[in-house]
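For the numbers below, each heavy atom of this structure counts, side chains included, while hydrogens, waters and symmetry mates do not. Within every chain, numbering begins at 1; the chains are lettered A, B, ... in the order of the sequence lines, protein sequences first and strands thereafter.
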Protein chains: 4
Amino acid sequence: MSPQDPLKPRKRPVQRRSRETVDAIVEAAARVLAERGYAHATTNRIAETAGVSIGSLYEYFPNKDAILVAVAERHLAQMLDGVERALAVADGVVDSLDGLVRRLIEALLEIHERSSDLDRVLFSEAPHPPALHACVLQIEGRLAHAVEGLLQRVAELELRDADTAAHLVVQTAEALIHRFVQHGIHDLSRGDFVDEVAALLGGYLRGAGSTLGA
Amino acid sequence: MSPQDPLKPRKRPVQRRSRETVDAIVEAAARVLAERGYAHATTNRIAETAGVSIGSLYEYFPNKDAILVAVAERHLAQMLDGVERALAVADGVVDSLDGLVRRLIEALLEIHERSSDLDRVLFSEAPHPPALHACVLQIEGRLAHAVEGLLQRVAELELRDADTAAHLVVQTAEALIHRFVQHGIHDLSRGDFVDEVAALLGGYLRGAGSTLGA
Amino acid sequence: MSPQDPLKPRKRPVQRRSRETVDAIVEAAARVLAERGYAHATTNRIAETAGVSIGSLYEYFPNKDAILVAVAERHLAQMLDGVERALAVADGVVDSLDGLVRRLIEALLEIHERSSDLDRVLFSEAPHPPALHACVLQIEGRLAHAVEGLLQRVAELELRDADTAAHLVVQTAEALIHRFVQHGIHDLSRGDFVDEVAALLGGYLRGAGSTLGA
Amino acid sequence: MSPQDPLKPRKRPVQRRSRETVDAIVEAAARVLAERGYAHATTNRIAETAGVSIGSLYEYFPNKDAILVAVAERHLAQMLDGVERALAVADGVVDSLDGLVRRLIEALLEIHERSSDLDRVLFSEAPHPPALHACVLQIEGRLAHAVEGLLQRVAELELRDADTAAHLVVQTAEALIHRFVQHGIHDLSRGDFVDEVAALLGGYLRGAGSTLGA
DNA sequence: AATGAATGAGAGTTCATTCAT
DNA sequence: AATGAATGAACTCTCATTCAT
């Protein structure tokens, strides 16, 4: 009745059957997107892959982009989950800066490696409706927040603006890792790449207190 | 009829008139892509904007992606040109590391700001055929090479692997600046952003000799 | 399963609850048709508005057109009722021809004004299955019959074929009033319009005896 | 480039070939509409009937309703033409009121009889976008104007407001004839129907001078 | 060399209707 | 008697590409 947000799922699936349908659609969409790219991921193909009629698909999603957003949301949530789990190990332990940075890089790297095709489609190829962008922002914000919390426990650091530093670290890691996974960087091996990024971020964080303060 | 590279322009424009037609098409494509996005940049629209019939467009380009590649090539060449020009000022002068890094950041930032719409379309929205990717690689390689040359003149540095360092610097700067121009980073002002990136890259380069050497 | 008139309601609603459900559906359909037009009055929307599941709707109506016919029947019955009530006032009184004609026009006009949206949808926009047409015929017949009865009491008239005259009067009034309410006629004010139609019908009736007789 | 009127034909057909294409489409649309009704007159069916690809159809018409409007415009123009031709005979001759009225009725009747299917679809079944309505208004206006001119030559008449009278005559004749052709009126024969309408309009016009003046 | 009318596969989306629950 | 998830044929419309002129 109300002219609803054009990218929000159409109805809450209340019954178990419909919940499964929605899951099947999102799952199928992720696969089709990863395998064929955005342009060839047609709604009919997604429905077929999900083992669901096209009508059912449109029962739950008002249009193609809404599916895209749902896929991205699920994917980003999984990513965040993975990284948080990886960082959580450090929670009790007093970690060195280098250890922390490397754990972050490794976690992000593994996740990107596991879903590189979907990553490419979702964050390079597909249109970025505001809803998707907002979702990315939120996830990166939460990731930065988690990193910030850890940074403040590292004895050797005295950051002037931990918030900004955390954001820049996350953005830099994300961006470089995305590039590395997608098309490599200057033929660097995986190990060398990690070393370089660790050096980059470590150097930044060690200097960040004085730099901004200067 | 003969099997030909499907993304290379169809004929060498030998005559002057042809050359102008090709230029007009590429120019028009760049404008249409920037203004309407990849999805709405139809070949008919491009031809119309170029003041050329759709038939003529296909005389010079075998398909839509070939136009895309041509636009990207031209755009990247202009970008490289701009950065090289900006860095060239430093050629005679013995520059400080910080000065060099900031000049690089400023040059890239200005260029991205000037063409942010086209950048977004070309590097986020549009499909990335191998030919385009190769082109990007080449440009980034040349940029890294230029940066490497400058790095070796900076007295304070003793890089173990200047080549890799230069590549990473270029990639990091590129990636962060692209993100900053497209959707900002954590509400950082332009000035603060430049400071942070300078700190990031400066710290890396100063530490790079020992880190890799360790 | 048995071949059944495809536009007749499916089951006699014998029980009270069923009767209420049917009424709710017809009422909802009338509203949805008036508010969104035939093309956007989907059966799902009607069921939802009626507070009934789509399954239940199809329990009582074999298809969409059957709902349409039911709405039209109810609407026409209400119209007839209104006009008959308005004319009934004249029953005891010996009315002048002009008074009778004006009362008819006013009654029809008011009714059309009250339900102009539904009128438009029902009689202009929607398909006219035979069942609907039959219904219209019947109502107009009864209306003509009522008018005929009144005409015969008007002293000043001596109609040769009161039946035909009554039908023509009703048809003309109906048609002109429908047009006037839907899109106006030559910028005539409501009052002027009534005057003109009264003149038209009055003139016809006064002349009808001799004209046909000639 | 400009966001054009969504119901205006897309391009002026300049070359002869395209002019023929447009004509074929409109002609085919008229036939398909008349034969299958609005709901089943799909754009693909129209294109196929016209012997033209669906792409070509959308080259010249931005959407389905634009075709409808084009059909209506052509049809109305033909109708107007026919009536004007029929009335023109009276131009030189000093006609009696009854003669004039009958000639109008006959002309309209013949035209409606010739295209009753299309009439039904165009004016009852199909949606009435404003563009179509404007077109109807214009034609009826011109028809009324022509009738008004003739009325003023009829010696026996002294109309107070010839403009309004002409409009009402045209509207009434139109409406009744449309009904008569579509579903008959009270089993009246064609001849009787013409007599009745002539009586109706004649009576009105003869009385119109004094009625309005009263 | 250039034109632009024509093509048609295939896209996203709707909605009357069915049927397992 | 009632539900509402599921269906899928059919729709309108787009656009990269071809080819007769």
Whole-Å gap separating [atom2] ([N]) and [atom1] ([X]):
X: A:E59; N: F:dG8; atom1: CD; atom2: P; result: 14 Å
X: D:R45; N: F:dA10; atom1: CZ; atom2: P; result: 9 Å
X: A:R36; N: E:dG10; atom1: CZ; atom2: P; result: 12 Å
X: A:N63; N: E:dG12; atom1: CG; atom2: P; result: 11 Å
X: B:I46; N: F:dT17; atom1: CD1; atom2: C1'; result: 14 Å
X: D:F61; N: E:dA6; atom1: CZ; atom2: P; result: 12 Å
X: A:Y38; N: E:dA11; atom1: OH; atom2: P; result: 13 Å
X: C:I67; N: E:dC15; atom1: CD1; atom2: C1'; result: 13 Å

For [N], take OP1 and OP2 only and decide whether either is under 4.0 Å from a side-chain N or O of [X].
X: D:T21; N: E:dA6; answer: yes
X: B:Y60; N: E:dA1; answer: no
X: C:T43; N: E:dC15; answer: no

Inset, instruction - For B:T42, report the nucleic acid contact type (base, sugar-phosphate, nothing); a contact means any heavy atom under 4.0 Å. - result: sugar-phosphate
Inset, instruction - Using the closest heavy atom to pick a nucleotide of DNA chain E for each, name whichever of C:N44 or A:N44 lands nearer the 5' end. - result: A:N44
Is there a side-chain contact between [X] and [Y] (heavy atoms, below 4.5 Å)?
X: C:V52; Y: C:I46; answer: no
X: D:F123; Y: D:Q182; answer: no
X: B:K64; Y: B:L68; answer: no

Legend entry - Listed once per pair and sorted, the side-chain hydrogen bond (donor to acceptor under 3.5 Å, both in side chains) pairs that draw on residues 47-56 of chain D, sequence neighbours left out: D:S53-D:S56
Inset, instruction - Could you check which of E:dT14, E:dT17, F:dA16 has an atom nearest any side-chain atom of A:Y58? - result: E:dT14
Inset, instruction - Report the nucleotide, chosen from F:dT17, E:dG12, F:dT12, that has the shortest atom-to-atom distance to any side-chain atom of A:K64. - result: E:dG12
List the residues meeting side-chain contact (heavy atoms from CB on, under 4.5 Å) with [X], not counting sequence neighbours, and say none if there are none.
X: A:H183; result: B:H133
X: B:D117; result: B:A34, B:R120
X: A:V121; result: A:L33, A:Y38, A:E125
X: D:E27; result: D:R31, D:R74

Inset, instruction - Can you sort out which residues in residues 47-57 of chain A have a heavy atom within less than 4.0 Å of DNA chain F? Ascending by number, please. - result: A:V52, A:S53, A:I54, A:G55, A:S56
Inset, instruction - Pull out every stem in DNA chain F, meaning runs of 3 or more consecutive Watson-Crick or G-U wobble pairs with both distances under 3.5 Å. - result: E:2-21 with F:2-21
Inset, instruction - Determine whether the side chains of C:S18 and C:Y60 contain a donor N or O and an acceptor N or O closer than 3.5 Å. - result: yes
Legend entry - Residues forming a side chain to side chain donor-acceptor pair (under 3.5 Å) with B:T42, sequence neighbours excluded: none
